Amino acid sequence: MEYALDRFEQQVRAAIAATGQVPDGLIEVTAPKPNIPADLAFPTFKAAKQLGMNPPQLAGALAQAIHPAADSLVASVVAAGPFLNFALDPVRLSAAVLEEVEKLGPRYGSDDQGAGKTVVIDYSSPNVAKLMHVGHIRSTIIGQALYNIFRFLGYNVVGDNHLGDWGKQFGMNIAAIVRWGKPAGDGEDALAQIDKLYAQYARMAKEDPALDDEARAWSLKLEQGDPTARELWQWMVDLTLTANQHNYDRLGVHIDHNYGESFYEPMLPGVIQEALDKKVAYRDEGGAVVVDLGNSLPTFLLQRSDSGTLYHTRDVATLLFRLNEFHPAQILYVVGMPQELHFRQLFALVRAMGYAEDVELEHIKFGTIFDQHGQPLSTRRGNMIYLADLLNDAHQRARAVVEQASPDLPAAEKDAVAEIVGVGSVMYNDLYQDPRRNITLDWDRMLALEGNSAPYIQYMYARCRSILRKAAAEDVELPAAALNAQLPALLTHPAEVALLKQLARLPGAVREAGARYAPFVVADWCYETARALSGFYRDCSVLKAETPALRAARLRLVAATAQALLNGLGLLGLRAPERM
């Protein structure tokens with residue numbers, strides 16, 4: 001899909017090529033430095049060297065030779081030393097951007113570059129029979145943001161919640177329930193009771209090896225289809241999915257499949273045998289199946305000596321299933337940084353088996369969450385925060401902010417806004433940063449109505465909506481269609497132009513976010529757009545503009561900004577309140 005800034009770059013390249021002085025392969029344009037009054041620059045160093053010229057001399061010759069067409073988005077071409085700087089025409093840019101936003105609406109910024117391609121995203125992936133805690137939020141919301149971005153780019157996206165519902169821990173859970181009884185109740189209360197039974201059994205097993213053997217035995221029974229083990233296991237799976245859905249609903253998370261590790265259990269013998277047949281694994285003297293890929297990767301097991309399987313076994317089966325079922329161009333794993341070695345081994349093994357040669361396999365790594373005291377959140381430290389509690393806390397803190405900012409709102413609306421702002425503040429605190437960075441739960445910064453925070457951006461959206469409501473209430477007369485087409489020519493104030501340029505950057509930000517697997521690129525666009533809107537609001541009166549035509553032009557800009565902000569926030573999974 002082609003947008004205004006795409007056409008601008010094409011026109012710049014075409015203008016340089018049309019001079020006949022620089023071959024197409026040497027035309028490389030870039031964004032100028034922030035203090036340069038230009039929108040695109042052509043550094044002539046490489047071209048001048050190839051052509052045997054002095055860079056400033058080449059830039060000067062090109063500036064003299066280029067004459068933009070009357071309808072071009074290029075307003076001026078200026079040589080500045082070795083750089084050839086191109087500036088946008090504000091009037092034509094205004095007309096183009098407003099037309100694009102108004103025409104595309106909620107699809108503004110979208111693209112068709114992914115048409116015909118599928119991307120599978122593995123995210124969230126909490127353990128069954130465990131409460132979701134704050135450590136799960138990063139995979140969940142980063143994964144959902146990537147899901148939204150890739151869909152916006154035209155891909156067929158498959159979201160898979162790879163549930164941890166298999167392995168020795170279930171043997172321990174089942175052994176504990178058989179010993180002490182099935183917890184009563186449902187939802188997160190029942191999960192909390194299971195967690196306590198698990199912890200109690202684990203403590204006792206450290207003192208009594210027989211209990212550890214009992215847990216291993218139940219784990220093996222589960223794999224072998226024992227009716228009691230399977231019944232208790234299924235109850236825990238169903239209980240967990242129901243409890244987790246409430247958290248997902250609050251976070252705006254939608255996942256297409258919940259294929260747990262158990263789903264792949266029938267495929268595991270075939271995976272193990274294929275690895276042996278293809279000589280990428282061998283069976284040692286004790287009967288365990290060992291993978292040794294060399295390449296500085298440590299050896300690892302596909303099967304224990306007691307015939308039990310491991311994460312690697314199930315992850316290989318998972319990857320092969322995804323290749324066969326979805327035929328993806330990319331598979332993304334949104335999983336914490338400590339699993340980096342695991343995924344290096346997994347990808348290397350699958351490729352050594354002859355699969356995924358033309359498929360991009362990516363581990364989207366993320367760092368640790370720290371509390372306000374700079375300590376990693378950990379059950380052992382006693383500072384672990386469960387996800388539902390975190391979101392409830394965010395809601396309550398945001399309710400106080402809303403009460404202070406908008407005391408006249410009805411109570412029900414205050415609660416609705418508090419949910420949008422509170423949950424949004426938690427999500428944005430993660431998404432505006434490079435996922436590889438560690439993040440800190442700093443409530444004062446997260447809920448600030450100023451600076452790079454969700455409430456600030458949401459407030460600027462609400463301000464747009466407020467202006468539009470006031471205009472509707474005042475029954476502002478809109479100009480005739482003929483005059484309406486001329487309105488963009490009135491938007492020439494520096495603050496107006498700055499805001500229009502920011503709106504024009506959304507499509508590029510979405511593409512960059514997809515190419516880099518980086519939702520923070522969209523978050524940065526949202527923040528910079530909110531800042532540009534603030535400057536416009538400060539310098540340019542809308543409802544009290546000097547003329548009715550200028551008022552109408554600025555109302556179009558406000559409406560376009562609201563739509564673009566709504567789109568950007570939506571890609572991050574954040575909602576935007578109409579009033580705040």
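Position 1 is the first residue of the sequence; numbering continues from there. Model, not experiment: these values are computed from the prediction.
- No more than 12 heavy atoms of other residues, nucleotides or ligands lie within 6.0 Å of CZ in Arg531, so this atom counts as exposed by the packing criterion.
- Applying the side chain to side chain donor-acceptor pair (under 3.5 Å) rule to pairs touching residues 45-67 yields Glu28-Lys46, sequence neighbours excluded.
- The backbone N or O of Val334 lies less than 3.5 Å from a partner atom in the side chain of Ser139, making a donor-acceptor pair.
- Looking at Arg138, its side chain does come within 3.5 Å of a backbone N or O of Gly367 through a donor-acceptor pair.
- Ion pairing of Arg445 with Asp442 is absent here, as no side-chain N (NZ or NE/NH1/NH2) approaches a carboxylate O to less than 4.0 Å.
- Between Ser94 and Leu491, the shortest heavy-atom distance links the atoms OG-CD1, 3.5 Å.
- With salt bridges taken as basic N to acidic carboxylate O contacts below 4.0 Å, one links Glu9 and Arg13.
- Screening residues 329-354 for ring pair (Phe, Tyr, Trp, His ring centres under 6.0 Å) gives His312-His342, Tyr333-Phe343, Tyr333-Phe347, Phe343-Phe347, Phe343-His363 as the qualifying pairs, with residues at least two apart or on separate chains.
- Atom CD of Glu99 is surrounded by 12 or fewer heavy atoms from other residues, nucleotides or ligands within 6.0 Å.
- The number of heavy atoms from other shown groups lying within 6.0 Å of OH (Tyr537) does not exceed 12.
- Scored by the ring pair (Phe, Tyr, Trp, His ring centres under 6.0 Å) test, Tyr428 finds Tyr432 as partners (sequence neighbours excluded).
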Task: side-chain hydrogen bond (donor to acceptor under 3.5 Å, both in side chains) evaluation trace for Arg505 with Gln502 - done: CA-CA 5 Å; Arg505 293 185 182 109; Gln502 191 57 32; 2.9 Å; yes
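- The closest donor-acceptor contact from the side chain of Glu100 to the backbone of Ala4 lies under 3.5 Å.
- Ser406 contributes a side-chain N or O that, together with a main-chain N or O of Met580, makes up a donor-acceptor pair within less than 3.5 Å.
- Under the side chain to side chain donor-acceptor pair (under 3.5 Å) criterion, the residue pairs touching residues 349-358 are Glu274-Tyr355, with sequence neighbours excluded.
- When side chains are defined from C-beta on, Val157 does not count as touching Asp256, because their heavy atoms never get closer than 4.5 Å.
- Identified under the ring pair (Phe, Tyr, Trp, His ring centres under 6.0 Å) test for residues 12-65, with sequence neighbours left out: Phe45-Phe83.
- Between Gln144 and Leu251, the closest side-chain pair of non-hydrogen atoms is not below 4.5 Å.
- Under the 3.5 Å distance criterion, the side-chain polar atoms of Asp39 are matched with a main-chain donor or acceptor of Leu88.
- Not a single donor-acceptor pair under 3.5 Å links the side chain of Asp112 to the backbone N or O of Gly154.
- Applying the ring pair (Phe, Tyr, Trp, His ring centres under 6.0 Å) test to Phe8 and every residue at least two apart in sequence or in another chain returns nothing.
- Under the 30°/60° scheme for interplanar angles, the aromatic rings of Tyr147 and Tyr123 are found to be tilted.
- Ser453 has its side chain out of reach of Met446: every pair of non-hydrogen atoms, C-beta onward, lies at least 4.5 Å apart.
- Side chains of Ile137 and Val426 form a contact here, defined as non-hydrogen atoms less than 4.5 Å apart.
- Between Ser125 and Val335, the closest side-chain pair of non-hydrogen atoms is not below 4.5 Å.
- Annotation: Arg437, atom CZ; neighbour count of heavy atoms from other residues, nucleotides and ligands within 6.0 Å does not exceed 12.
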